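Order of the sequence lines fixes the chain letters, A, B, ..., with proteins taken first and strands second; residue numbering starts at 1 for each chain. Remember, it's a predicted structure, so these values are computed and weren't measured experimentally. Computation of the quantities below employed the complete heavy-atom set of this structure, encompassing side-chain atoms and omitting hydrogens, waters and symmetry-equivalent molecules.
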Number of protein chains: 2
Amino acid sequence: MVEKDDFDLQNFLPYLLNQAAEESSLEFQQVYKNKYGILRTEWRVLFHLGAFGEMTASTIVTRARIHKTKISRAVQKLVEKRFVARERSEDDRRQEFLRLTPLGLAAYKDLREVAAAYDRTLEAKFSEEEVALLRAMLRRLGERG
Amino acid sequence: MVEKDDFDLQNFLPYLLNQAAEESSLEFQQVYKNKYGILRTEWRVLFHLGAFGEMTASTIVTRARIHKTKISRAVQKLVEKRFVARERSEDDRRQEFLRLTPLGLAAYKDLREVAAAYDRTLEAKFSEEEVALLRAMLRRLGERG
DNA sequence: CCTTGTTAGTTACAAATCCAACCATTACCA
DNA sequence: TGGTAATGGTTGGATTTGTAACTAACAAGG
């Protein structure tokens with residue numbers, strides 16, 4: 001019989017963070033997957049372009065901290081689906097600007113509403129002050145380093 | 001030109017949770033990967049067995065909310081590495097009990113120390129009350145439903 | 001110019017994941 | 001009993017991911 005001990009896995013922050021992150025992503029994931037047939041990385045790209053406007057792939061890489069091969073493939077899929085258009089820069093022909101097509105914009109606007117509504121249901125579990133503190137702490141924990 | 005808008009992706013809780021979870025897993029991940037050559041799911045199985053003692057694969061599935069094929073394959077790897085031993089139940093021969101070998105126990109104990117130390121560095125970013133609240137909120141967000 | 005180094009983005013191949021179908025065993029129940 | 005359903009766990013094949021190597025374009029120094 002292997003001994004038990006007192007290390008509390010249930011209190012290990014990375015564990016708690018992962019469980020909460022997974023659970024909180026699940027419901028929303030179903031929506032964009034079923035409704036638009038896109039995956040998480042594609043959703044993230046879509047949202048970055050929708051929320052911040054035209055930008056290059058490497059800007060998304062930096063801001064979202066997703067590996068560039070994932071971005072590259074997500075962009076390909078979004079272009080195939082006619083959600084995103086690419087345009088090569090004249091200044092520096094290595095980079096290309098990405099922006100949402102009208103179709104992509106419509107999808108984004110729809111999903112943004114769903115996301116905002118879902119966020120409200122999560123917020124509703126706590127008081128305003130608690131939510132504000134939670135966000136601040138998560139931001140701090142998410143900083144690189 | 002695609003319009004910008006005011007949806008604040010940076011405040012979207014699932015997004016913040018994912019960023020924090022990823023960042024907080026990264027450093028510890030390097031340790032168990034480099035030191036013992038195991039992946040995240042294998043680490044989770046190891047920790048469940050170490051922290052709670054002998055149990056079946058499906059118990060881990062339920063408790064850790066990881067898909068059973070992932071568990072199945074992680075257990076295979078851990079058995080290959082001689083970290084885990086399986087023993088078929090006499091009562092119900094479909095299920096088999098899993099427990100750590102002395103080798104697995106040693107790895108667990110080592111990693112538990114690393115995990116605890118790492119947890120303390122995360123905690124150190126905040127006050128005690130804040131950490132307690134964070135844990136409570138994460139637990140709440142991680143509940144299924 | 002020419003070399004060397006850097007950056008933007010893609011691709012190839014191996015490893016890991018997901019989903020569905022699949023045994024084997026046990027439970028239910030007419 | 002016998003037939004059907006449910007459970008524990010594994011396997012196969014398509015999809016995704018990770019890592020590294022790659023192309024193409026620019027930058028900087030001689």
Next on the checklist: Go through it in stages, so that I can follow the logic: the residues are B:Thr59 and B:His48, the test is side-chain contact (heavy atoms from CB on, under 4.5 Å), and I'd like the CA-CA distance, side-chain angles, deciding distance and then a yes or no.
Outcome noted: CA-CA 10 Å; B:Thr59 304; B:His48 270 270; over 6 Å; no
Checklist entry - Going through the checks in order, is the side-chain contact (heavy atoms from CB on, under 4.5 Å) test met by A:Glu130 and B:Met137? => result CA-CA 9 Å; A:Glu130 287 172 331; B:Met137 294 178 87; 3.6 Å; yes
[X] has an atom [atom1]; how far is it from atom [atom2] of [N], in whole Å?
X       : N      : atom1 : atom2 : value
A:Glu96 : D:dC26 : CD    : C1'   : 16 Å
A:Glu80 : C:dT10 : CD    : P     : 12 Å
B:Arg94 : C:dT25 : CZ    : P     : 10 Å
B:Asp92 : D:dA6  : CG    : P     : 17 Å
A:Leu98 : C:dT10 : CG    : C1'   : 14 Å
A:Asp91 : D:dA27 : CG    : C1'   : 15 Å
A:Lys70 : D:dT16 : NZ    : P     : 12 Å

Next on the checklist: Both conditions, 6.0 Å and 45 degrees, for the charged tip of B:Arg63 above the ring of B:Phe52: are they met here?
Outcome noted: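 The answer is yes, since B:Arg63 meets both limits relative to B:Phe52.
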Checklist entry - Contact class for A:Arg86 vs. all strands (heavy atom < 4.0 Å): base, sugar-phosphate, or nothing? => result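 It contacts sugar-phosphate atoms only.
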Item to check | Donor-acceptor pair under 3.5 Å, B:Arg93 side chain vs C:dT25 base | outcome: no
Checklist entry - Under 3.5 Å, is there an N or O donor on one side and an acceptor on the other linking the side chain of A:Arg73 and the base of D:dG18? => result yes
Item to check | Nearest-nucleotide 5' precedence on DNA chain C, B:Lys77 against A:Arg88 | outcome: A:Arg88
Next on the checklist: Within residues 19-46 of chain B, which residues have any heavy atom lying less than 4.0 Å from an atom of DNA chain C?
Outcome noted: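 Within residues 19-46 of chain B, the residues near DNA chain C are B:Leu39.
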Checklist entry - Counting only non-hydrogen atoms, which of residues 56-69 of chain B are less than 4.0 Å from DNA chain C? => result B:Thr69
Next on the checklist: Show, in sequence, the C-alpha distance, side-chain angles and deciding distance for A:Thr56 and A:Val61, and conclude whether the side-chain contact (heavy atoms from CB on, under 4.5 Å) test is met.
Outcome noted: CA-CA 9 Å; A:Thr56 69; A:Val61 166; over 6 Å; no
Checklist entry - Between A:Phe12 and B:Tyr118, how do the two ring planes meet: parallel, tilted or perpendicular, split at 30° and 60°? => result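 Answer is perpendicular, since the angle exceeds 60°.
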For [X] and [N], is the shortest distance between a side-chain N/O and OP1 or OP2 below 4.0 Å?
X       : N      : value
B:Gln76 : D:dT11 : yes
A:Gln95 : D:dC26 : no
B:Ser72 : D:dG9  : no

Next on the checklist: Set out, in order, the CA-CA distance, both residues' side-chain angles and the distance that settles salt bridge (Lys or Arg N to Asp or Glu O under 4.0 Å) for B:Glu123 and B:Arg135, then state yes or no.
Outcome noted: CA-CA 10 Å; B:Glu123 286 179 0; B:Arg135 285 211 170 92; 2.7 Å; yes
Checklist entry - Checking B:Thr41 side chain against B:Lys70 main chain: does a donor-acceptor pair fall under 3.5 Å? => result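 It does not hold such a pair.
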Item to check | Centroid-centroid under 6.0 Å between B:Tyr15 and A:Phe28 rings | outcome: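 Judged by ring-centre distance (under 6.0 Å), B:Tyr15 and A:Phe28 do not meet the cut-off.
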Item to check | Salt-bridge present (B:Arg73, B:Glu42; N to O < 4.0 Å) | outcome: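 A salt bridge is absent here (no side-chain N lies under 4.0 Å from a carboxylate O).
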